Amino acid sequence: MKRWSVLFLAMFVLCAGLTTTAQAKIEVEGDVYAGIWDKYMWRGFNLSDSRPTIQAGIDLTLGSGWTLSTWHNWQLTSGPNWNAGELNETDVILTYAFDLGDMISMSVGDIWYMIEGEDTNELFVTFTLNTLLSPNLKISYDWDRAEEDGLFYSFDISHTFDLGQWVPNTALNLGALVSYNQHADGTVADYAGWHNYELSASIDYALNDQMTISPIFIFSSPISSAAKDLIDTETAAALNLTFAF
C-alpha cells in the first residue's frame, strides 16, 4: 500500500472517530509535535547515517481509551543510505489503554512500521505500576516479518521533578530503560539476549497552557556480545515542540 494511501486511511479513521465522538459527546484530546534530532536512533540502531532528522507526529485520544497516532521521520541532509528531504519512515499506531484496579495500568495495540520496502507490524502490550518511578514493562511481538519468536521486551522507570520553585513552568524528566531481544528478526535481529540500555533526560518548559518546548538527550549502549555486533554506543539529542489540544 502506498504511503499516501495509508495516511489517507489514517485521516479517514481520525475524521470518523471525531464524528462519532461528537455525536456521543465524548471528550477528545491529543497533541501535535515536531522535533529536530541530530540523528534518528531506535532501539540503539542509528537509522539516519548520523545525520539530522525532523521527527513529527499526531496523537488523538478518545475518551473511551483509544488512541490513534502517526509518526514520521524526515532526513535533513544526505548520507550513504538516505537523501535529504526524504520521508524514510512512517508509523501508524493504534492503542487501547485501561486500568486494572488502582495500581496497574495496561495498554495493548499495534505499530505499523512503513520503511522503504521493509514494512512490518508489531503487536504490543504494556503494564505500568502506578507508583514511585512508574515501572513499565512492554512486550512487543513482530507478527508480520519475524520467522522466529519475534519477541522484544523493554523495562523502564522514570520520574518527573517539578522545577517550578526555581524556574517557573519547568519540569525535569529522567528515565532508564533496559531491553531484551528474543529472535525479533523482523525488527531487531535473530538472536536471544540482552539488547541495550538507555538513559534519558529532558526538560519541559511550558510556553503557555498548550505549547511546550523540550530539549531531549538519550544515551544508548549495547549489552550482550550479539547486540554489540549490531549496534554501537550512541547518543541522540533533540529540541522538540508540542502543542496539546
Side-chain angles (χ1 to χ4, degrees), residues 1-8 10 32-59 69-93 111-122 124 140 142 144-147 150 152 154 156 175 177-179 181 183-191 193-203 213-242:
M1 184 181 291
K2 295 294 186 180
R3 193 165 296 184
W4 63 265
S5 61
V6 172
L7 296 178
F8 177 81
V32 180
Y33 60 90
I36 299 178
W37 289 77
D38 70 329
K39 66 169 66 74
Y40 172 23
M41 186 171 66
W42 177 79
R43 291 179 180 172
F45 291 94
N46 184 336
L47 299 179
S48 66
D49 299 324
S50 293
R51 303 303 204 277
T53 70
I54 292 178
Q55 298 178 15
I58 302 173
D59 303 314
S69 307
T70 64
W71 180 91
H72 315 273
N73 184 77
W74 284 273
Q75 190 81 11
L76 283 179
T77 62
S78 298
N81 299 301
W82 305 106
N83 297 319
E86 187 172 6
L87 176 62
N88 50 30
E89 181 174 343
T90 294
D91 300 343
V92 177
I93 308 105
I111 304 175
W112 183 3
Y113 300 98
M114 288 168 276
I115 312 172
E116 296 300 330
E118 298 182 1
D119 294 8
T120 192
N121 280 271
E122 275 190 340
F124 64 86
S140 303
D142 176 17
D144 195 345
R145 296 186 59 187
E147 297 180 359
F152 190 83
S154 62
D156 67 84
L177 174 148
V178 63
S179 67
N181 182 50
H183 300 289
D185 53 315
T187 52
V188 181
D190 187 9
Y191 78 90
W194 293 103
H195 185 64
N196 77 320
Y197 72 89
E198 296 180 7
L199 302 175
S200 62
S202 65
I203 295 176
I213 189 168
S214 307
I216 305 169
F217 178 80
I218 300 174
F219 173 87
S220 171
S221 188
I223 300 175
S224 67
S225 58
K228 291 177 181 179
D229 290 337
L230 297 170
I231 58 177
D232 299 318
T233 296
E234 299 271 6
T235 62
L239 185 63
N240 191 77
L241 181 65
T242 302

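In this text, all values refer to a predicted model and were calculated from it rather than measured experimentally.
Judged by distance alone, the side chain of D49 and the main-chain N or O of W82 form a donor-acceptor pair under 3.5 Å. Proximity of a side-chain donor or acceptor of D144 to a complementary backbone N or O of G186 within less than 3.5 Å is not detected. With hydrogens and angles ignored, the 3.5 Å screen pairs a side-chain donor or acceptor of D38 with a backbone N or O of A237. Judged purely by atom type and a 3.5 angstrom limit, T120 has no side-chain atom pairing as donor or acceptor with the backbone of Y113. Here the side chain of K39 pairs a donor or acceptor atom with the backbone of T235 at under 3.5 angstrom. No side-chain donor-acceptor contact under 3.5 Å links E118 to the backbone of I115.
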Practice prompt. Before giving the answer on side chain to side chain contact (heavy atoms under 4.5 Å, CB included), spell out for V178 and W194 the whole-Å C-alpha distance, their side-chain angles and the decisive distance to 0.1 Å.
Written response: CA-CA 8 Å; V178 63; W194 293 103; 3.9 Å; yes
Fill in: side chain to side chain contact (heavy atoms under 4.5 Å, CB included) evaluation trace for S224 with Y191
CA-CA 10 Å; S224 67; Y191 78 90; 3.8 Å; yes
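Annotation: the span from M41 atom CE to T53 atom OG1 amounts to 11.0 Å, rounded to 0.5 Å. Separation of atoms CG (D59) and OG1 (T70) is listed at 8.0 Å; rounding is to 0.5 Å. The distance from atom CG of N73 to atom CH2 of W42, rounded to the nearest 0.5 Å, is 12.5 Å. Here the CG atom belonging to L47 is positioned 10.0 Å from the CD atom belonging to Q75, to the nearest 0.5 angstrom. Rounded to the nearest 0.5 Å, atoms CD1 (I223) and CD1 (I231) are 8.5 Å apart. Here R43 contributes atom CZ and L230 contributes atom CG; the two are 13.0 Å apart, rounded to the nearest 0.5 Å.
Proximity of I111 to F124: side-chain heavy atoms (C-beta onward) are separated by under 4.5 Å at one or more points. You'll find the side chain of P222 reaches within 4.5 Å of the side chain of T233, heavy atoms only.
Ring geometry, Y40 versus W71: the interplanar angle falls from 30° to 60°, so the pair is classed tilted. Taking the six-membered ring where the residue is Trp, F219 and Y197 present tilted rings, their angle falling between 30° and 60°.
Nearest heavy-atom pair across S78 and A84 is OG-N, 2.9 Å. The shortest non-hydrogen separation linking T77 to P52 is OG1-CD, 3.4 Å. Closest heavy-atom contact between V188 and H195: CG1-CE1, 3.6 Å. Closest approach of G44 and S220 over heavy atoms only: CA-OG, 3.5 Å.
Side-chain atoms of S179 and N196 form a donor-acceptor pair, as typed in the model, at a separation below 3.5 Å. Donor-acceptor pairing under 3.5 Å is lacking for the side chains of S154 and D156.
By the 6.0 Å contact criterion, CD1 on I36 is open, its count of non-hydrogen atoms from other residues, nucleotides or ligands being 12 or less.
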